[in-house]
Amino acid sequence: MTFSNDSQLDPGRVGGGGGGRGVAVGGGIGGTLLLLVVGLFFGQDGIDALTGDGQDTGGAASGQEQFAHCETGADANRYSDCRMIATAQSLDQFWEAYLPQAAGERYVLPGLELYRGRDSTACGTASAAVGPFYCPADRTVWLDVEFFDELQSQFGAEGGPLAEEYVLAHEFGHHIQHQIGTLGYAQQDPQGPESGAVRVELQADCFAGLWARGASGDTSGTVDLEEITPEQLEQALDAAEVIGDDRIQATTQGRVNPEAFTHGTSRQRQLWFYAGYRTGDLDQCDTFSVRDLDDPPAF
């Protein structure tokens with residue numbers, strides 16, 4: 001989706017994380033990650049294993065200055081970092097209105113940190129090897145702004161605005177899970193094709209679909225998203241396909257091991273994103289009660 005040119009961006013939306021130590025959820029794709037695919041990218045052991053030396057390249061206080069070039073929707077349509085700020089504002093608008101009526105929960109604003117290289121989090125040191133993730137200890141989404149280049153160059157993603165927006169919407173989905181109490185299943189049952197970890201990740205994909213449906217054509221807030229086109233929807237579905245467990249394992253290891261799954265197959269990730277997008281119904285995102293993850297109830 002593209003933003004209307006007169007949308008008003010808030011660079012101060014970046015920053016605000018902070019808290020104790022915890023376990024990260026939903027690692028991403030990065031250069032050194034190719035050496036650590038199963039254990040870190042799709043692992044649910046957190047990123048404490050990545051802690052160590054490294055420069056802290058971001059921070060809550062620097063958002064207003066660092067992203068001063070992000071002013072309008074035109075900037076969001078041109079620059080990925082501005083697009084992430086605008087997408088976060090759109091996600092805030094959607095969940096503030098939707099979560100109370102769908103789940104009886106008041107939406108609590110998550111932190112958002114955009115960085116390059118390395119940054120310190122309450123879950124350890126973030127780096128390009130981790131990719132986007134949600135840290136429940138500081139209730140913050142952490143995203144290396146160079147991640148999208150990695151996604152296209154190393155894994156063949158088509159890219160495009162909605163593909164990038166889907167990634168952030170998925171991580172915000174983990175924050176929603178933290179609020180409604182489903183996030184912890186990932187730690188209780190961390191691996192396997194039917195595991196709690198897989199079900200948590202697929203639910204976050206479904207939540208991303210809820211946002212895509214609800215935000216498409218929404219002109220009620222400070223950021224306005226134009227209607228999703230079929231081409232843009234295909235870009236989001238392509239991104240979901242590229243980061244399926246089976247696709248990543250086949251690309252990096254030359255074989256597929258379902259017992260090491262933590263995020264779901266490419267097909268499952270596409271199906272559950274589309275289930276949220278197609279229905280706009282939070283109840284259709286209940287990945288924990290379905291017996292067959294290849295057959296969402298919405299289909």
Side-chain angles (χ1 to χ4, degrees), residues 1-3 25-31 33-34 37 41-42 76-77 79-88 90-91 94 112 114 128 130-134 141-174 198 200-216 225-252 261-278 285 287 293 296:
M1 287 182 281
T2 55
F3 293 89
V25 177
I29 303 171
L33 186 59
L34 296 178
V37 172
F41 174 39
F42 286 130
N77 296 331
Y79 304 111
S80 288
D81 54 356
C82 299
R83 184 175 299 118
M84 292 300 95
I85 293 172
T87 303
S90 176
L91 284 157
F94 170 73
L112 172 63
L114 306 178
V130 184
F133 66 91
Y134 173 68
V141 173
W142 297 82
L143 190 151
D144 185 331
V145 294
E146 296 177 351
F147 167 77
F148 301 112
D149 292 335
E150 297 278 350
L151 195 63
Q152 295 180 60
S153 64
Q154 295 196 39
F155 291 88
E158 292 181 9
L162 187 55
E164 296 182 7
E165 293 157 11
Y166 152 72
V167 170
L168 188 62
H170 172 93
E171 299 305 333
F172 269 58
H174 286 314
V198 166
V200 163
E201 295 299 334
L202 295 179
Q203 186 180 60
D205 282 332
C206 192
F207 287 174
L210 292 179
W211 163 79
R213 177 187 176 96
S216 178
L225 277 165
E226 298 175 357
E227 293 283 349
I228 294 178
T229 67
E231 180 183 12
Q232 290 169 338
L233 182 60
E234 186 61 34
Q235 290 170 351
L237 291 171
D238 173 74
E241 190 272 338
V242 165
I243 55 179
D245 279 323
D246 51 344
R247 170 73 176 267
I248 294 294
Q249 289 183 358
T251 300
T252 60
F261 284 0
T262 61
H263 278 55
T265 66
S266 294
R267 172 176 167 77
Q268 289 169 345
R269 301 203 68 169
Q270 290 178 314
L271 282 172
W272 283 98
F273 171 82
Y274 192 64
Y277 175 75
R278 178 183 180 185
C285 294
T287 56
L293 291 172

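A donor-acceptor contact shorter than 3.5 Å is absent between the side chain of Arg269 and the backbone of Asp205. Side-chain N or O atoms of Ser216 include one that pairs as donor or acceptor with a backbone N or O of Ile228 at under 3.5 Å. In this structure a side-chain-to-backbone donor-acceptor pair under 3.5 Å is present from Gln270 to Leu237.
Looking only at atom types and distance, the side chain of Thr87 has no donor-acceptor partner in the side chain of Trp211 under 3.5 Å away. Side-chain atoms of Glu201 and His170 include a donor-acceptor pair closer than 3.5 Å.
A heavy-atom distance below 4.5 Å is found between the side chains of Thr2 and Gln232. Contact annotation: the side chain of Val200 approaches that of His174 to within less than 4.5 Å [non-hydrogen atoms, C-beta and beyond]. No side-chain heavy atom of Leu143 sits less than 4.5 Å from a side-chain heavy atom of Glu171. A 4.5 Å side-chain heavy-atom check between Ile85 and Leu114 finds at least one atom pair inside the cut-off. Contact annotation: the side chain of Leu210 approaches that of Cys285 to within less than 4.5 Å [non-hydrogen atoms, C-beta and beyond].
Here the closest non-hydrogen pair linking Ala88 and Leu168 is N-CD2, 3.8 Å.
Ring geometry for Tyr166 against Phe273 counts as perpendicular: the plane angle is over 60°, on a 0 to 90° scale with 30° as the lower cut.
Within 6.0 Å of the CZ atom in Phe94, the count of heavy atoms belonging to other residues, nucleotides or ligands exceeds 12.
Atom CG of residue Leu271 and atom CZ of residue Arg278 lie 10.5 Å apart, to the nearest 0.5 angstrom. The OG1 atom of Thr265 sits 11.0 Å away from atom CD of Gln249, with the distance rounded to the nearest 0.5 Å.
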